[in-house]
Amino acid sequence: MAPREVYLKNIEEALAFLVSKVAISGRMNLLDDHVLAEPFFARFLNELYGWNLVTSNDSVANAVAVDLIDRSQKLSVQVTTNTTKEKIQNTLNKAKKNLKGYHVQFVFITTDARNLSRMTFTIPENISFIPSDDIIDTSQLMITCQSIDVASLLRLQNLCKEEVLPIQEIPVQNSELVKVLRAVSKIRIDYSNELKVPRSFKIQDKIDFNCLRPIQVQTIDELASYNPRLDTTYETFAQDGVSPGIIFQKLSAIYQNQTLRHTDDSAPLIFLKMVEELMNYVVDKFHLDSEMSPEKIEYCCRIILVDAFIRCKIFVDPEGYHYDTTDRHQA
């Protein structure tokens, strides 16, 4: 299972959890979960579609027929669990007065609202609404998620973790990290280019220089805590005759190969493609998927790469020099 599949699975579980939770709250006449879902969907839709939605109370006091609004694109989104034709028609009727010139969409907190998209509505002349396109349920959100890049999927997964589903932190044992690291140490690479690694500098400067802020909080900052544990692991490796330098050289090679193959990709995307390459290797060559879940393997690969980033073994340094102007790392 590649990182993309891991992230999609977690997003799907979060949306399913939200649908269930809101449905239960609705039956109990509790509106808090519905109201709390609006800011989440604003952030989710903004990431997924590139919109600039805010909750209507942020910009339109007591707005009628508006939950979320993007003034720059003249877009209004209603977030609701009420899957009736009357709900849509009433909203359209109110939009005629309050949202002239706007495009109106509906996000239904349910897995299937397709029947509504086949119904006929009276659409006011001064607003835009196409039922087949503008009625969205969580299943449609997942279909759209399948077509976006892996960096965006990671951000959506992290958003779900923050606001919807208490996705459990994956407890990683030292023995599991060791298994993945030993597999990485056996990756075959070409040393003919005399791989080199950058010198040390401030980590935040490096994050900013490489434009890695999109994955800073939930990846670099979160997983940096494993750095001391890997210190101990690498010391053990050295005592057993496996030089940590060999592992770092191989991670450097993966980074350089990714940047050469994908020259137009962003740094966060390069990082996640490195995660995928490591995952594929340890699964295909060492069948670690028979011992560890895909989520845990993905987590271990991210931990190893974040650690390499902190140790200044991968990505470019903020001074502007590259691998060919630094001291060689001795394997």
Side-chain angles (χ1 to χ4, degrees), residues 3 6 151 154 158 169-187 189 195-240 242-259 267-283 286 288 292 295-318 323 326-331:
V6 172
L154 177 59
N158 292 338
E169 291 297 336
I170 302 174
V172 174
Q173 304 298 320
N174 284 340
S175 60
E176 293 167 327
L177 274 172
V178 168
K179 287 179 183 178
V180 178
L181 282 169
R182 288 198 182 279
V184 172
S185 72
K186 298 182 183 301
I187 296 175
I189 62 170
L195 295 171
K196 306 167 187 179
V197 296
R199 295 186 291 266
S200 179
F201 40 76
K202 292 181 179 179
I203 298 303
Q204 187 61 53
D205 290 346
K206 186 176 179 183
I207 290 170
D208 293 339
F209 187 82
N210 286 277
C211 303
L212 284 166
R213 280 186 178 254
I215 62 169
Q216 178 174 352
V217 175
Q218 295 289 349
T219 292
I220 298 174
D221 291 350
E222 180 178 305
L223 303 184
S225 61
Y226 285 89
N227 182 257
R229 290 170 60 176
L230 283 170
D231 273 338
T232 303
T233 300
Y234 285 133
E235 288 174 7
T236 302
F237 271 36
Q239 292 169 4
D240 292 343
V242 179
S243 170
I246 292 176
I247 295 173
F248 296 143
Q249 279 190 323
K250 293 177 179 184
L251 295 177
S252 296
I254 291 173
Y255 168 69
Q256 292 183 60
N257 289 336
Q258 285 289 347
T259 56
L269 198 52
I270 290 291
F271 180 91
L272 294 172
K273 285 183 176 178
M274 292 178 68
V275 175
E276 182 171 8
E277 187 169 339
L278 282 183
M279 284 186 69
N280 289 339
Y281 180 82
V282 301
V283 169
F286 291 87
L288 289 188
M292 302 163 60
E295 290 84 0
K296 187 162 287 190
I297 294 173
E298 186 272 341
Y299 204 66
C300 284
C301 289
R302 272 201 290 153
I303 288 171
I304 292 166
L305 289 171
V306 166
D307 177 77
F309 177 85
I310 291 172
R311 295 173 194 271
C312 304
K313 308 304 183 185
I314 56 176
F315 285 89
V316 183
D317 90 0
Y323 294 99
T326 57
D327 299 328
R328 279 191 200 89
H329 184 94
Q330 298 298 321

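Both backbone and side-chain heavy atoms feed into the values below; hydrogens, waters and symmetry mates do not. One is the number of the first residue; the rest follow in order along the sequence.
- Side chain of Ser252 to backbone of Ile314: no donor-acceptor contact under 3.5 angstrom is found.
- In terms of the ring-ring contact (aromatic ring centres under 6.0 Å, His included) criterion, residue partners of Tyr234 (sequence neighbours excluded) are, by chain and number, Phe248.
- For Arg229, the salt bridge (Lys or Arg N to Asp or Glu O under 4.0 Å) criterion is met by no residue, not counting sequence neighbours.
- Going from atom CG of Leu278 over to atom CD of Glu298 covers 11.0 Å, rounded to the nearest 0.5 Å.
- With sequence neighbours excluded, the residues that form a ring-ring contact (aromatic ring centres under 6.0 Å, His included) with Phe309 are Phe315.
- Taking the side chain as every heavy atom from C-beta outward, Lys313 and Tyr255 never approach each other to under 4.5 Å.
- Between Val184 and Leu251 the shortest heavy-atom distance is CG1-CD2, 4.1 Å.
- Inter-residue side-chain proximity for Leu272 and Pro3 is flagged as unmet; no heavy-atom pair is nearer than 4.5 Å.
- Heavy-atom minimum distance, Ser185 versus Ile247: CB-CG1, 3.7 Å.
- When all heavy atoms are compared, the tightest approach of Val275 to Cys301 is CG1-CB, 4.1 Å.
- Annotation: side-chain contact (heavy atoms from CB on, under 4.5 Å) contacts of Gln258 (sequence neighbours excluded): Ile254, Arg261, His262, Ile270, Lys273, Met274, Glu277.
- For Ala183, the side-chain contact (heavy atoms from CB on, under 4.5 Å) partners at least two apart in sequence or on another chain are Val282, Phe286.
- Using a 4.5 Å heavy-atom threshold, the side chains of Leu288 and Glu176 count as separate.
- With sequence neighbours excluded, no residue forms a salt bridge (Lys or Arg N to Asp or Glu O under 4.0 Å) with Asp221.
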Query - Leu181 and Val242: CA distance, side-chain angles, deciding distance, side-chain contact (heavy atoms from CB on, under 4.5 Å) verdict - result: CA-CA 10 Å; Leu181 282 169; Val242 179; over 6 Å; no

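- Once rounded to the nearest 0.5 Å, the distance linking CZ of Arg311 with CD1 of Ile203 reads 10.5 Å.
- The side-chain contact (heavy atoms from CB on, under 4.5 Å) check on Arg213 picks up Gln204, Ile207, Asp208, Gln216, with sequence neighbours excluded.
- Note: Lys250 NZ to Ile246 CD1 = 6.0 Å, rounded to the nearest 0.5 Å.
- Applying the side-chain contact (heavy atoms from CB on, under 4.5 Å) test to Pro214 and every residue at least two apart in sequence or in another chain returns Arg155, Pro268.
- Leu230 contributes atom CG, which lies 5.5 Å from atom CG of Leu177 (distance to the nearest 0.5 angstrom).
- With contacts defined as side-chain heavy-atom distances shorter than 4.5 Å, the pair Asn158/Glu222 does not qualify.
- Note that Arg302 lies outside the cation-pi zone of Tyr226, set by a 6.0 Å cut-off to the ring centre and a 45° limit from the axis.
- Considering only heavy atoms from C-beta on, Phe271 stays 4.5 Å or farther from Asn210 through its side chain.
- Note that CD1 of Ile303 and CG of Leu223 are 5.5 Å apart. Values are rounded to the nearest 0.5 Å.
- The shortest non-hydrogen separation linking Cys300 to Met292 is SG-CE, 3.8 Å.
- Annotation for Pro244 and Ala238: closest pair CD-CB, 4.2 Å, computed over non-hydrogen atoms.
- Separation of atoms CG (Asp307) and CG (Asp231) is listed at 7.0 Å; rounding is to 0.5 Å.
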